[in-house]
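So the structure is just underneath, and the comments pick up after that.
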Protein chains: 2
Amino acid sequence: MEKKKELPLCPVETTVGLISNKWKILILRELLKGTKRFGELRSGIDGISQKVLTQNLRSMEEDGIIQRHAYPEVPPRVEYSLSDLGETLKPIISSMEQWGLGYQEMINNG
Amino acid sequence: MEKKKELPLCPVETTVGLISNKWKILILRELLKGTKRFGELRSGIDGISQKVLTQNLRSMEEDGIIQRHAYPEVPPRVEYSLSDLGETLKPIISSMEQWGLGYQEMINNG
DNA sequence: CGGTATCCACAAAGATACTG
DNA sequence: CAGTATCTTTGTGGATACCG
């Protein structure tokens, strides 16, 4: 997920790169609701495997749009939340959601 | 590119699905500038192969966001442009571009 | 609980050649 | 010019097993 740092990309690509894949969007959606534990994300996102969830969370953390907080407890507890930067994506997610709604209606009504 | 119609997806996923991949975004960027011929797109998008360009154009055409117009000439001429629906994506692309710019600056300034 | 480590499958992308 | 047809290569995700 994080191997290719060869880029300089155009701005749109940069943005898309951060949120493009299916899982990242779903993770963002969950975190927009508030802080979540790893297990909550896992069960809240239908069909995601542990590996893929971890990979995406790491990647998003590297990108600086989410924050990871591990509590030194037994059993372990790890919480994820949006960073300030991540919060600034909210308008974009919202506008995509609005557009998607309109598109789906269009499809359904023919 | 077009095999998976198994969905009902949430609105954000729908939108992301249409524009998520790297190539589609670059194609959209080109077409936002105006109508382009196949060859113009090919040379305007660095590194894209003929096959992948074709695949993505077909997919986007199916999704209804671009239009294909083939002129019955020799040699063939095929022009691509955004559909009305495609044009409505403009605000989203723009906001992603803005966000990406800010992000890149942030990265560069540390 | 929240991971990491492997192995495998399959889809997507690249390269190349050919065509209406 | 604008594709299609193949073949090969790559990579992302699924399944499983194990660990601090």
Side-chain angles (χ1 to χ4, degrees), chain A residues 1-7 9 13 16-28 30-31 34-63 66-81, chain B residues 1-7 9 13 16-28 30-31 34-63 66-81:
Chain A
M1 214 98 217
E2 348 14 35
K3 61 289 316 177
K4 43 182 65 132
K5 303 296 185 190
E6 354 77 359
L7 59 180
L9 296 171
E13 277 183 286
V16 168
L18 298 186
I19 62 177
S20 63
N21 96 47
K22 154 187 176 185
W23 299 123
K24 286 187 182 177
I25 283 288
L26 295 176
I27 294 168
L28 278 175
E30 289 301 307
L31 293 184
T35 297
K36 300 267 181 183
R37 296 183 59 167
F38 184 86
E40 289 181 287
L41 290 172
R42 185 155 157 59
S43 54
I45 300 174
D46 194 52
I48 198 168
S49 69
Q50 209 168 28
K51 188 182 82 174
V52 173
L53 178 54
T54 303
Q55 282 177 342
N56 280 286
L57 288 170
R58 293 284 175 280
S59 169
M60 294 164 80
E61 196 189 352
E62 264 188 62
D63 293 334
I66 68 171
Q67 281 164 342
R68 178 179 187 274
H69 190 354
Y71 296 86
E73 304 172 356
V74 180
R77 177 162 58 108
V78 182
E79 290 186 344
Y80 292 91
S81 57
Chain B
M1 214 94 216
E2 357 0 43
K3 60 289 318 176
K4 42 181 66 135
K5 303 297 184 189
E6 354 78 0
L7 60 179
L9 297 170
E13 277 184 285
V16 168
L18 297 185
I19 62 178
S20 63
N21 97 46
K22 155 186 176 186
W23 299 123
K24 286 187 181 178
I25 281 289
L26 295 176
I27 294 169
L28 279 175
E30 288 303 305
L31 294 183
T35 297
K36 299 269 181 181
R37 297 184 56 166
F38 184 86
E40 289 181 287
L41 289 172
R42 185 155 158 58
S43 54
I45 300 174
D46 194 52
I48 197 168
S49 70
Q50 213 167 24
K51 189 183 80 173
V52 172
L53 178 55
T54 303
Q55 283 177 341
N56 280 284
L57 287 171
R58 294 284 176 277
S59 169
M60 294 164 81
E61 197 189 350
E62 264 188 61
D63 292 334
I66 68 172
Q67 281 165 344
R68 177 179 187 274
H69 191 354
Y71 296 85
E73 304 172 356
V74 179
R77 177 163 57 107
V78 181
E79 291 186 345
Y80 292 91
S81 57

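Reminder, nothing fancy here: chain letters follow the sequence lines and each chain counts from 1. Small disclaimer: the values here were computed from a predicted structure and weren't measured.
Within the 4.0 Å cut-off from OP1 or OP2 of C/dG2, not a single side-chain nitrogen or oxygen of A/Arg77 is found. Remark: B/Arg42 is not in phosphate contact with D/dA2, judged by side-chain N or O atoms under 4.0 Å from OP1 or OP2. Of the side-chain N and O atoms in B/Arg68, one or more sit less than 4.0 angstrom from OP1 or OP2 of D/dG3. A sub-4.0 Å separation between OP1 or OP2 of D/dG3 and a side-chain N or O of B/Arg58 is present.
Every residue meeting the side-chain hydrogen bond (donor to acceptor under 3.5 Å, both in side chains) condition with A/Glu30, not counting sequence neighbours, appears here in chain and number order: A/Lys33.
Considering all non-hydrogen atoms of both residues, A/Ser59 and A/Lys24 come closest at OG-NZ, 3.0 Å.
A straight line from CZ of A/Phe38 to P of C/dC1 spans 11 Å, rounded to a whole angstrom. Spacing between atom CD of A/Glu73 and atom P of C/dG3 amounts to 13 Å, rounded to whole angstrom units. In this structure, B/Arg37 places its CZ atom 10 Å from P of D/dG3, rounding to the nearest Å. When rounded to the nearest whole Å, the span between CG of B/Asn56 and P of C/dA13 equals 7 Å. Atom P of nucleotide D/dG13 and atom NZ of A/Lys24 are separated by 9 Å, given to the nearest angstrom. If you take CG of B/Leu57 and C1' of D/dC1, they are 14 Å apart, rounded to a whole angstrom. Protein atom CD of A/Gln55 is 14 Å distant from nucleotide atom P of D/dG11, rounded to whole Å. The NE2 atom of A/His69 sits 16 Å away from the C1' atom of C/dC1 (whole-angstrom rounding).
Residues B/Val16 and A/Ile19 form no side-chain contact, since every pair of their non-hydrogen atoms from C-beta on lies 4.5 Å or further apart. Residues A/Leu26 and A/Ile48 have side chains not in contact (no heavy-atom distance under 4.5 Å, counting atoms from C-beta outward). Put simply, the side chain of B/Phe38 reaches to within 4.5 Å of the side chain of B/Leu57, judged on heavy atoms.
Closest to the B/Val78 side chain, of the nucleotides D/dG3, D/dC1, C/dG2, is D/dG3.
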Side-chain atoms of residues 69-77 of chain B: list all donor-acceptor pairs with protein atoms under 3.5 Å, sequence neighbours left out, distances to 0.1 Å.
from, atom 1, to, atom 2, distance (Å)
B/Tyr71, OH, B/Glu79, OE1, 3.1
B/Glu73, OE1, B/Arg77, NE, 3.4
B/Glu73, OE2, B/Arg77, NH2, 2.9
B/Arg77, NH1, B/Glu79, OE2, 3.1

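If one axis is set at each end of the helix from C/dC1-D/dG20 to C/dG20-D/dC1 from five pairs, those axes are 50° apart, to 10°.
Listed by first then second residue, pairs satisfying side chain to side chain donor-acceptor pair (under 3.5 Å) with a partner in residues 35-51 of chain A number zero, not counting sequence neighbours.
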For side-chain contact (heavy atoms from CB on, under 4.5 Å), just list the numbers for B/Val78 and B/Arg68, CA-CA rounded to whole Å, side-chain angles, deciding distance to a tenth of an Å, and then say yes or no.
-> CA-CA 7 Å; B/Val78 181; B/Arg68 177 179 187 274; 3.8 Å; yes

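Residue contacts shown for A/Tyr80 are limited to sugar-phosphate atoms, with no base heavy atom under 4.0 Å away.
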For nucleotides 14-20 of chain C, list the nitrogen or oxygen atoms of the protein found under 3.5 Å from its nitrogen or oxygen atoms, one pair per line.
from, atom 1, to, atom 2, distance (Å)
C/dG14, N7, B/Lys51, NZ, 3.2
C/dG14, O6, B/Lys51, NZ, 2.5

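With values rounded to the nearest 0.5 angstrom, B/Ile27 atom CD1 is found 7.5 Å from B/Asn21 atom CG.
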